[in-house]
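A short write-up of the structure that comes next.
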Amino acid sequence: TRILPIAAADEPILHQPARAVTDLSDPAIQRLLDDMLATLQAANGVGIAAPQVFAPLRIIIAASRPNPRYPDAPLMEPVVMVNPQILWQSAETCTGWEGCLSVPGLRSPLARSARLRVRYLTRRGDSVEADYEGFIARIIQHECDHLDGILFVERVE
Ligand SMILES: O=C(O)C[C@@H](Cc1ccccc1)C(=O)SCC(=O)c1ccccc1
Ligand SMILES: [Zn+2]
């Protein structure tokens with residue numbers, strides 16, 4: 001398992017759409033998932049998307065944990081989502097602080113849908129549909145934006 005370099009905001013890979021994963025049994029994909037998790041933890045983040053470690057693939061990890069800005073953030077087992085699709089998101093939004101491992105030192109309040117329903121593949125290839133709300137929903141929206149080449153700073157009013 002390796003800690004991977006994280007792309008800075010000016011890297012082209014962060015501004016282009018990522019490709020769907022077609023072969024989850026590929027050992028290189030399984031290794032990438034392990035490396036993303038190690039990189040996320042080393043960076044002390046609450047989420048990461050494959051393009052941030054220079055892999056143009058539709059893979060995200062959400063790993064909410066209580067932190068100074070979100071003392072009441074849920075502590076969750078990191079969830080790996082392959083080819084995530086947001087099936088529904090609430091018109092109702094909530095505003096909260098966001099940061100980005102690719103934009104170090106910058107934090108900004110941002111409005112996101114308060115609730116969403118996501119369909120994704122687990123790292124074992126099982127299809128899952130799940131509902132999220134609050135900070136975890138925020139993280140998932142932030143990470144899914146990375147898969148479409150969108151940085152949170154582009155959404156700040
Ligand atoms: O760049 C990333 O995708 C990681 C990013 C995820 C994220 C944080 C906050 C809101 C939405 C998505 C980070 O983990 S930034 C660093 C961090 O740990 C943090 C920043 C602000 C609030 C809470 C945590
Ligand atoms: Zn980010």
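Atoms within a ligand are numbered from 1 in the order they appear, just like the ligands themselves. None of these values were measured; they are calculated from a predicted model.
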What protein heavy atom sits nearest [atom], and how far off is it?
atom                   : result
atom 6 (C) of ligand 1 : E143 OE2, 3.4 Å
atom 2 (C) of ligand 1 : H142 NE2, 3.4 Å
atom 5 (C) of ligand 1 : G99 O, 3.6 Å
atom 4 (C) of ligand 1 : G47 O, 3.1 Å
atom 1 (O) of ligand 1 : L101 N, 2.8 Å

Can you see which heavy atom on [X] is nearest to which on [Y], and at what distance?
X    : Y   : value
H146 : P51 : O-CG, 3.9 Å
R2   : T39 : O-OG1, 3.8 Å
A73  : R65 : CB-O, 3.5 Å
I61  : L40 : CG2-CD2, 3.8 Å

For ligand 1, indicate whether the residue [X] contacts it via side chain, backbone, both or neither (heavy-atom separation under 4.0 Å).
X   : result
Y70 : side chain
E98 : both
N67 : side chain

Do [X] and [Y] have side chains that get closer than 4.5 Å, going by heavy atoms?
X    : Y    : value
S102 : I6   : yes
Q141 : S113 : yes
E11  : Q52  : no

**Item:** Contact with ligand 1 for R65, non-hydrogen, under 4.0 angstrom
**Value:** yes
**Message:** Quiz question: by atom type and distance under 3.5 Å, do the side chains of Q89 and R115 form a donor-acceptor pair?
**Reply:** no
What's the spacing between [X] [atom1] and [Y] [atom2] if we round to 0.5 Å?
X    : Y    : atom1 : atom2 : result
N83  : L57  : CG    : CG    : 8.5 Å
R119 : L87  : CZ    : CG    : 5.0 Å
Y70  : I139 : OH    : CD1   : 8.5 Å
R124 : S25  : CZ    : OG    : 13.5 Å

Using a strict cut-off of 4.0 Å, indicate which atoms of ligand 1 neighbour a heavy atom of [X].
X    : answer
N44  : 18 (O)
C100 : 1 (O), 15 (S)
Q52  : 1 (O), 2 (C), 3 (O)
V46  : 6 (C), 7 (C), 8 (C), 13 (C), 14 (O), 18 (O)

**Request:** Answer yes when E98 and R138 have at least one side-chain N-carboxylate O distance shorter than 4.0 Å, and no when they do not.
**Result:** yes
**Prompt:** Got a protein heavy atom sitting under 4.0 Å from atom 19 (C) of ligand 1?
**Reply:** no
**Message:** Strictly under 2.8 Å of the Zn ion (ligand 2): which protein N/O/S atoms qualify?
**Reply:** C100 SG, H142 NE2, H146 NE2
